[in-house]
Amino acid sequence: MTIYAITYYAITNATSNIFYQDQQYPTNFANEIKCCEYIVGYSYNGDPMMPDVIPLVVKNLDMNQSHFVHVPQQYLSNQTGLITDTALNSSMSNYFATIYFNRVNETEIDYTMYYNYSVPYNSLMLSKIDISYNNPVLETYAGAIQLAVEQALINTLSEKPELHLTFRYRKPPSGMSGSNYNNQMSLKLLKPFAMVFIYFVLTFPCIMFLNMRAEETQRKIRAYLKTFGVYDEIYLASWLIDGLVGSLYNCVVLLIFGYSCPGFDFFNKTNPSILFIVFTTYSFTINSFCLLLGSVLTTTKGSVILSVIIFTLGLFSSVSLSLIGPMIYNIFSGKYSFIGAIFSIVPFLNINKILNDIGCVTTPGIVSNFDSSEAINNGYAYTWHNFTGPPTPEISGVSFNPPSAFQSLNILFAFGLVALFFSWYLDKTLRGPFGAKKPWNFLFTREYWTPTHIPYINITDYDLQGHHNSLDPDIIHESDNVTKENMTKYALIIRNITKEYHGKLAVDHLSLAAENGKIVGLLGPNGTGKTTIINMITGLTNPSSGLSLVYGFNSASQATSIHTLIGYTPQFDVNWPAFTAREHLRIMTSIKEKRANLNQDIEAILKQIRLTSVADNPVGSYSGGMQRRLSCGLALIGNPKIIILDEPTTGVDPANRLYLWRLIKSMKKDRLILLTSHSMEEVDALCDKIAIMSSGKLAAVGTPTHLKSKYSTGFKLHLITSQPDQAIQTIQEYLPTAILNQRTSNTLIYTIHHIKYLSAFLKYLSQDTSVQSFISDWQIQGTTIEDVFLTVVADQKLKIM
Ligand SMILES: Nc1ncnc2c1ncn2[C@@H]1O[C@H](COP(=O)(O)OP(=O)(O)OP(=O)(O)O)[C@@H](O)[C@H]1O
């Protein structure tokens, strides 16, 4: 809006003084002539009609007959002002003008008026009362005489005395006359300005589009949508359609603006259908180009930098090309044919060449001297004829042959199609951090054209063999427990999976298998590879080696099949703040599956996640806990067979967390839930099986009870005491093997490995009043998953060292 407002202001300001402005015609002109007793002379070339005309002129002027005098023919001369001078010399100080009538043919009478002024004025057309000097008195009187004369001529020629003329008096541009206004500097600037303005308006939204797309990739929305089964082609097409609809709107607004802005000759002198075709073709090409860049760039930072560079280069070329005008065509000559080819290919340059083709004709610039006034009188200055013909008529006689605007437009369109293809191709082969890349020759592989949707296809015993990179019997068992015979009993099978980023293993030969109806917890310190594993299971990332099977479907090669089986809650809430929870569920359900009882299912999920009462509020107004619940609800869409929850309760308050735990537990019936969390309490409360990872490897695996007993660190005894020293002495006496872990002013924490002594001591504590006088409270705690986790991770670190 701001750009449009500035442009409108600039254009109207630059052109305001080149237009005739309607003004009130003085009505009392005849009185003025009469009162001042001016004398007007006349003469004619023997036309027999003139004796009828003269009395009418006198009558129209309402002047004294004696003041309208006949001037003898011999006084007339072609020399400027001679008649006036003659009249003045003959001491008629109030002599004002002379009119000389000349009969041209049957229907045309030409008349010339000479004023009491050095500049003569020739009037040939009734409609053009054009006074070229700025003297209000002369303007008034001369106008009065003209009106009287023309009224008389029309009445006489048409033989209709009742015909009455209405005159429009138009003030001429200051300091200018006729079509000489091309000399105006402000007008000359319009041509470059038009090109730069159009380039800016058409290109800028596409740059925003590029940034939005990169931002969406960075927010992992793309990856998330993919787990709902959104095809790459649909995703790209939705962006293209979005961009094109925006651009079409942009083009229409630009055209309406251009054609309604008085003085914007670039538009007003060009056939609108040409500009519509040029603008929409450029918009298509630039959108395809942005789509291509979006397939290569994945960070908003990169996109911002690149888009600013492209935009600035385009703007720079736009300004410079428009300033050098027709000289731009030199670059298409044999001498500079390479640069000419670049001009034709690069859309930002090509559009400027096309705009320049139009601008040279419609808006004469600093260099151009083509006067389009003749063409304007016959309609648009720039027509389809100009568009398809050789550009810029004023450079005739030059040896090289630049492409026509139409040819340039075809090249622009072809570039758009090529960019569209490569945006699709590179999107598949150059996927950024998220997304499974296809090999560069994927178009020539059979799997691409005939994908299989059969589970457990081509799985051999060798594929199912684990890699023994640990001596831990649980891990060895986890690597060996799946065979071809029993593989169908597992909902998830991961074998020897690895993922390498920049030469570093994020996941290192990990094997894991899990059955239906279980909750499996994946634990590990930050950056240990949990999310990478999830991305490989969901088919968002291809493993560097190894296998991931979800109900027998290969995550890497049969991703489309597994997306219908998976429900996924990513680590961060992926949602659209303006949409309501119900809309989120509706949109995602329609993406994932076709259902007859859609509303019923949505209501059931809303009830499950306790969002029914706020289902129609925008998600942007939800608390963190509510958004997390919605994310879990979205994972339930389509009744998936495996649900993956990546840190589902992060940032959720205790009450909501408890509710989510209940929800997760209720979800596990007939499906597998894979959960990652940093809350040991959560994993302990929910999981049937826990896999602890460290540095990309599986470090421990088993049920919570098994792990607690295997990695038992003994019991923790917490004592609250008013006399710590005396308490320490008592413990040493009764529990000599106890290890003091922590001591504060009134708290002591011991680790005790032998339950035998502990029970005797606890009996003593509860019965002996003397000890109760300095140990006021105590608590005993078994091994927690947190203890197990810390032990396992510490052990693993030691092994690495
Ligand atoms: N796209 C990527 N490019 C390069 N390195 C990556 C990429 N994704 C992950 N990594 C690296 O792989 C390792 C594992 O990352 P991952 O996100 O899987 O860990 P995580 O266990 O999920 O961590 P957190 O608990 O913090 O979510 C890290 O060192 C990380 O830096």
Side-chain angles (χ1 to χ4, degrees), residues 1 3-4 197-226 230-257 275-300 302-315 318 345-352 354-355 409 411-428 430-432 435 576 578-579 587 591:
M1 283 307 293
I3 295 294
Y4 278 125
F197 166 72
I198 291 166
Y199 172 80
F200 184 87
V201 170
L202 290 181
T203 312
F204 192 69
C206 301
I207 303 298
M208 310 267 286
F209 165 87
L210 180 64
N211 289 329
M212 274 159 59
R213 186 157 170 231
E215 195 190 325
E216 194 180 273
T217 312
Q218 207 169 350
R219 280 184 63 208
K220 301 172 194 168
I221 292 177
R222 167 90 189 267
Y224 183 55
L225 288 176
K226 219 170 143 49
V230 174
Y231 286 94
D232 297 333
E233 289 74 15
I234 302 278
Y235 177 81
L236 289 178
S238 71
W239 266 106
L240 185 68
I241 291 169
D242 190 42
L244 288 181
V245 169
S247 295
L248 190 68
Y249 172 80
N250 197 26
C251 291
V252 171
V253 172
L254 178 62
L255 285 170
I256 292 174
F257 171 82
L275 289 185
F276 181 76
I277 297 286
V278 169
F279 293 172
T280 47
T281 307
Y282 175 66
S283 298
F284 161 74
T285 301
I286 198 81
N287 273 301
S288 303
F289 186 60
C290 286
L291 213 58
L292 171 66
L293 292 178
S295 298
V296 181
L297 301 168
T298 46
T299 60
T300 25
S303 300
V304 168
I305 294 171
L306 194 77
S307 51
V308 167
I309 291 174
I310 289 175
F311 186 69
T312 315
L313 282 179
L315 206 60
S318 171
I345 292 167
V346 178
F348 303 103
L349 298 174
N350 201 358
I351 184 65
N352 281 316
I354 297 170
L355 293 178
L409 193 78
I411 298 170
L412 191 73
F413 183 64
F415 183 95
L417 289 178
V418 172
L420 202 59
F421 170 76
F422 276 101
S423 64
W424 171 79
Y425 177 78
L426 294 179
D427 186 67
K428 288 202 176 289
L430 269 192
R431 221 33 99 50
W576 294 267
F579 288 103
I587 293 167
I591 290 175

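We use all heavy atoms of the structure for the numbers below, so side chains are in, but hydrogens, waters and symmetry mates are not. Just so it is clear, the model here is predicted, and its values are computed rather than measured.
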Do [X] and [Y] have side chains that get closer than 4.5 Å, going by heavy atoms?
X    : Y    : answer
F289 : I310 : yes
L202 : S283 : yes
L248 : F276 : yes

What are the two closest non-hydrogen atoms of [X] and [Y], and how far apart are they?
X    : Y    : result
L254 : F279 : CD2-CE1, 3.5 Å
P205 : N250 : CG-ND2, 3.3 Å
L210 : C290 : CD1-O, 3.3 Å
T285 : F415 : CG2-CD2, 3.6 Å
S423 : S288 : CB-O, 4.4 Å

[atom2] on [Y] to [atom1] on [X], rounded to 0.5 Å:
X    : Y    : atom1 : atom2 : answer
L412 : F348 : CG    : CZ    : 10.0 Å
C251 : I256 : SG    : CD1   : 11.5 Å
I587 : F579 : CD1   : CZ    : 4.5 Å
L275 : I198 : CG    : CD1   : 6.5 Å
I351 : I286 : CD1   : CD1   : 9.0 Å
I241 : I234 : CD1   : CD1   : 8.5 Å

| said: Quick check on F200: does its CZ atom have over 12 non-hydrogen neighbours (other residues, nucleotides or ligands) under 6.0 Å away? | reply: yes

| message | I'd like to check the side-chain hydrogen bond (donor to acceptor under 3.5 Å, both in side chains) partners of Y224; sequence neighbours left out, ordered by chain and number. | response | none

| field | Listed partners of F421 passing ring pair (Phe, Tyr, Trp, His ring centres under 6.0 Å), at least two apart | value | W424

| said: With side chain to side chain contact (heavy atoms under 4.5 Å, CB included) as the test, pick out the partner of F422 among L292, L417, V296. | reply: L292

| query | Can you tell which of L291, N287, L236 makes a side chain to side chain contact (heavy atoms under 4.5 Å, CB included) with L420? | reply | L291

| query | If you measure only the distance, is there a donor-acceptor pair under 3.5 Å linking the side chains of T203 and Y282? | reply | yes

| message | So does F413 get a backbone contact from the side chain of T281, meaning a donor-acceptor N/O pair under 3.5 Å? | response | no

| task | Return the orientation label for the F197 and F257 ring planes: parallel under 30°, perpendicular over 60°, tilted otherwise. | result | tilted

| request: Report the relative orientation of the aromatic rings in F209 and W239; use parallel for angles under 30°, tilted for 30 to 60°, perpendicular for over 60°. | output: perpendicular

